[in-house]
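Whatever order the structure lists them in is the order used to number ligands and atoms, beginning at 1. On a predicted model such as this, the values are computed, not experimentally measured, just so you know. Nothing fancy with the numbering, it's 1 onward along the sequence.
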Amino acid sequence: MTITKIVELEDEVPPGRAGIAGIDPDELADLPWLVPDFLTPEGRMRMSIHSFLVETPRTRIVVDTGLGNDKPRAVPHWSGLRTGFLDEMRATGWPPSSVQRVIHTHLHIDHVGWNTLLVDGAWAPTFPQARHLMVRADFEHWQAEAARTDDDRPGWLRAMTDVAAVWADSIAPVAEAGLVDLVEPDARVDPYVRLVPTPGHTPGHVSVLVESRGESAVITGDLVHFPCQIARPRWTSMLDCDHAAGTSAREEFLAKFADSGTLVLGTHFPDPTAGLVVRDGAGYRFES
Ligand SMILES: [Zn+2]
């Protein structure tokens, strides 16, 4: 069993622009284990957008598909990208046609982009042999949001999520091609991989548990964006659909996986992306 990370974008942002509600730079300074991997010595937070390639004895699975190339987006540094993401996948021995499953932890802009490629002016499936697993609650929620004409959400939120465009160019084309399986949030994917419900960030948000020969790993999804939220689970993402549910899911996740030996793989954690959640006084810390 191997899990490989393919990076699409890495970034550094000041805490005030990290999209985390309640974050306090002074409290960050109380978490010295964040420096230098997750927090630069200057106090900027490091983040990454990447996919995980999970190779089980049965199945080739891509977990989350980033932003994608050529997509027109409201956020300038996410728009019209031309990254070598697919070339890197091929160099790892994963041509797109070899992918059998795509799992989406949720259907946000930075988790569905490589579902499609611009081919002769139209959006075509990137992974035509793959079943794309989407949790029904998320699919139905974002389908309805994309169709809304009375969108009264704040401008920054509309820009960050770009819901209608994402639906049209990254979700609808794979659904119309018959490649989507709507699944429950605790679905089993193969004998080694299953979904774990962690709703809050979005209604159907899931983490992904991988188990083999008594060992296990879990891919967080956006249950946690930054390792500092492991120490401060009450710091929520400003993009959470339900902040209280997101916080509960995070607290349950930490209690379940702390000191368990399960390797935790952060969906937006920069290198070293994998580590263990360990109890630290009354809270937790990420040990990579
Ligand atoms: Zn994300």
Side-chain angles (χ1 to χ4, degrees), residues 5-13 15 17-21 23 38 45-53 62-69 71 73-79 81 83 85 102-115 132-135 137-139 141-142 145-146 153 156-163 165-167 169-171 185 195-208 218-230 233 235-243 245-247 249-250 253 264-271 273-274 286:
K5 181 180 75 166
I6 303 288
V7 175
E8 183 180 37
L9 273 187
E10 290 180 312
D11 205 358
E12 287 178 11
V13 290
R17 279 195 33 231
I20 302 296
I23 196 163
F38 306 122
M45 292 165 69
R46 299 184 55 228
M47 62 89 66
S48 166
I49 296 177
H50 50 251
S51 294
F52 290 111
L53 313 183
V62 175
V63 180
D64 287 331
T65 62
L67 291 157
N69 273 2
K71 307 248 152 132
R73 294 290 182 252
V75 172
H77 63 280
W78 288 351
S79 191
L81 291 179
T83 71
F85 179 90
V102 175
I103 296 175
H104 295 287
T105 59
H106 62 300
L107 300 180
H108 269 162
I109 187 167
D110 53 326
H111 298 261
V112 298
W114 280 104
N115 283 2
H132 293 56
L133 276 50
M134 299 181 186
V135 173
D138 241 47
F139 187 91
H141 173 79
W142 295 111
E145 286 289 300
R153 298 176 310 152
W156 66 268
L157 185 57
R158 284 211 301 269
M160 283 288 287
T161 50
D162 227 335
V163 174
V166 170
W167 187 269
D169 62 33
S170 302
I171 300 172
L195 308 184
V196 178
T198 45
H201 185 57
T202 65
H205 186 280
V206 289
S207 303
V208 180
V218 65
I219 294 170
T220 59
D222 287 4
L223 169 86
V224 46
H225 284 77
F226 296 96
C228 60
Q229 291 171 280
I230 289 172
W235 289 351
T236 64
S237 165
M238 290 180 185
L239 297 184
D240 280 3
C241 290
D242 182 335
H243 289 264
T247 300
R250 191 160 40 253
F253 180 98
V264 174
L265 303 162
T267 288
H268 286 300
F269 295 3
D271 271 338
T273 303
F286 187 63

Does a side-chain heavy-atom distance below 4.5 Å link Phe38 with Ile230?
no

On a heavy-atom basis, which atom in Ser48 and which in Val7 lie closest, and how many Å separate them?
OG-CG1, 4.1 Å

When you measure from the Zn ion (ligand 1) to the N, O or S atoms of His108, does any of those distances fall below 2.8 Å?
no

Tested for ring pair (Phe, Tyr, Trp, His ring centres under 6.0 Å) against His201, the lone hit among His111, His225, His141 is His225

Just wondering, is there an N, O or S atom on His111 that's nearer than 2.8 Å to the Zn ion (ligand 1)?
yes

Using atom types as modelled and distance alone, determine if a side-chain donor or acceptor of Asn115 lies under 3.5 Å from a backbone N or O of Thr65.
no

Measuring from the Zn ion (ligand 1), name the closest N, O or S atom belonging to Asp110.
OD2

I'd like the atom name of the N/O/S atom in His268 lying closest to the Zn ion (ligand 1).
NE2

Between Glu8 and Gly68, is there a donor-acceptor pair closer than 3.5 Å when you use the side chain of the first and the backbone of the second?
yes

Report whether any nitrogen, oxygen or sulfur of Asp222 sits less than 2.8 Å from the Zn ion (ligand 1) (N, O or S, backbone or side chain).
yes

